[in-house]
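Working notes, structure below.
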Amino acid sequence: MEFIKEGAFAVCSSLEKVNLDECTNLALISDQAFSQAKISEITIPERVLEMGELVFNQNRANLIVHCMVSEKPASWDSNWDFTYNEQYKITVE
């Protein structure tokens, strides 16, 4: 099982578009893994079984999250897509 640890890409301003679909064993994205980044688009594959809290908190761009799951798994934190940054919004498709 592969995972993205807590805060792994925090404050990473060089990430703008991320496609995690190529991570064939990715099962977990931990708390605030991409917090304070500057991502505008990300794809989350359906095989991701767990999403931590505030994964994209304080993102510094409007973010579109392409979720490949048909419905949110129960093991995803209820605040996985929440941000305290009111200047930018997160849209989940």
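For the pair H66 and E41, the minimum side-chain heavy-atom distance is below 4.5 Å. The side-chain heavy atoms of K17 and S40, taken from C-beta on, include a pair separated by under 4.5 Å.
Both V69 and V18 are members of a single hydrophobic cluster when ILVMFWY side chains are connected at heavy-atom separations under 4.5 Å. Both L15 and I44 belong to a common hydrophobic cluster when Ile, Leu, Val, Met, Phe, Trp and Tyr are linked at side-chain heavy-atom distances under 4.5 angstrom. L54 and I39 are not part of a single hydrophobic cluster, where members link through side-chain heavy atoms under 4.5 Å apart. Note on W76: it clusters hydrophobically with V92, by side-chain heavy-atom contacts below 4.5 Å among ILVMFWY residues. Under the 4.5 Å side-chain heavy-atom criterion for ILVMFWY residues, a single connected hydrophobic cluster contains both L26 and I42.
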*Take D31 and E6 through the side chain to side chain contact (heavy atoms under 4.5 Å, CB included) test and state the conclusion after the steps.*
CA-CA 5 Å; D31 297 349; E6 183 174 339; 4.0 Å; yes
*What's the verdict on side chain to side chain contact (heavy atoms under 4.5 Å, CB included) for F82 and F56, showing C-alpha distance, side-chain angles and the deciding distance?*
CA-CA 7 Å; F82 184 79; F56 306 105; over 6 Å; no
*Given side chain to side chain contact (heavy atoms under 4.5 Å, CB included), test V65 with W80 step by step and report yes or no.*
CA-CA 11 Å; V65 180; W80 74 272; 4.0 Å; yes
*Please test M68 against T43 for side chain to side chain contact (heavy atoms under 4.5 Å, CB included), starting from the C-alpha separation and ending with a verdict.*
CA-CA 7 Å; M68 300 293 108; T43 300; 4.1 Å; yes
*Passes salt bridge (charged side-chain N to carboxylate O under 4.0 Å, His left out), D21 versus R47? Steps please.*
CA-CA 9 Å; D21 201 35; R47 64 189 154 275; 3.4 Å; yes
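A distance-only check finds a donor-acceptor pair linking the side chain of N62 to the backbone of K89 [under 3.5 Å].
In this structure, the separation between SG on C12 and NZ on K38 is 11.5 Å, given to the nearest 0.5 Å. The distance from the CG atom of D81 to the CD1 atom of I90 is 6.5 Å, given to the nearest 0.5 Å. From I4, atom CD1 reaches atom CE of M51 across 8.5 Å, with rounding to the nearest 0.5 Å. The distance from atom CD of E46 to atom SG of C67, rounded to the nearest 0.5 Å, is 11.0 Å. Within the model, atoms CZ of R60 and OG of S13 stand 5.5 Å from one another, a figure rounded to the nearest 0.5 Å.
Other residues, nucleotides and ligands place no more than 12 heavy atoms under 6.0 Å from the CD atom of E22. The local environment of NZ in K5 is sparse, with at most 12 non-hydrogen atoms from other residues, nucleotides or ligands closer than 6.0 Å. Within 6.0 Å of atom CD in E2, more than 12 heavy atoms from other residues, nucleotides or ligands are found, so the atom counts as buried in its surroundings.
Residue pairs that meet the ring-ring contact (aromatic ring centres under 6.0 Å, His included) test with at least one member in residues 1-29, sequence neighbours left out, are F9-F34.
With sequence neighbours excluded, the residues satisfying side chain to side chain contact (heavy atoms under 4.5 Å, CB included) with N85 are Q58, T83, Q87, Y88.
Across S30 and V55, no two heavy atoms sit closer than the pair O-CG2, 3.9 Å. Contact detail for L20 and P45: the closest heavy-atom pair is O-CG, 3.6 Å.
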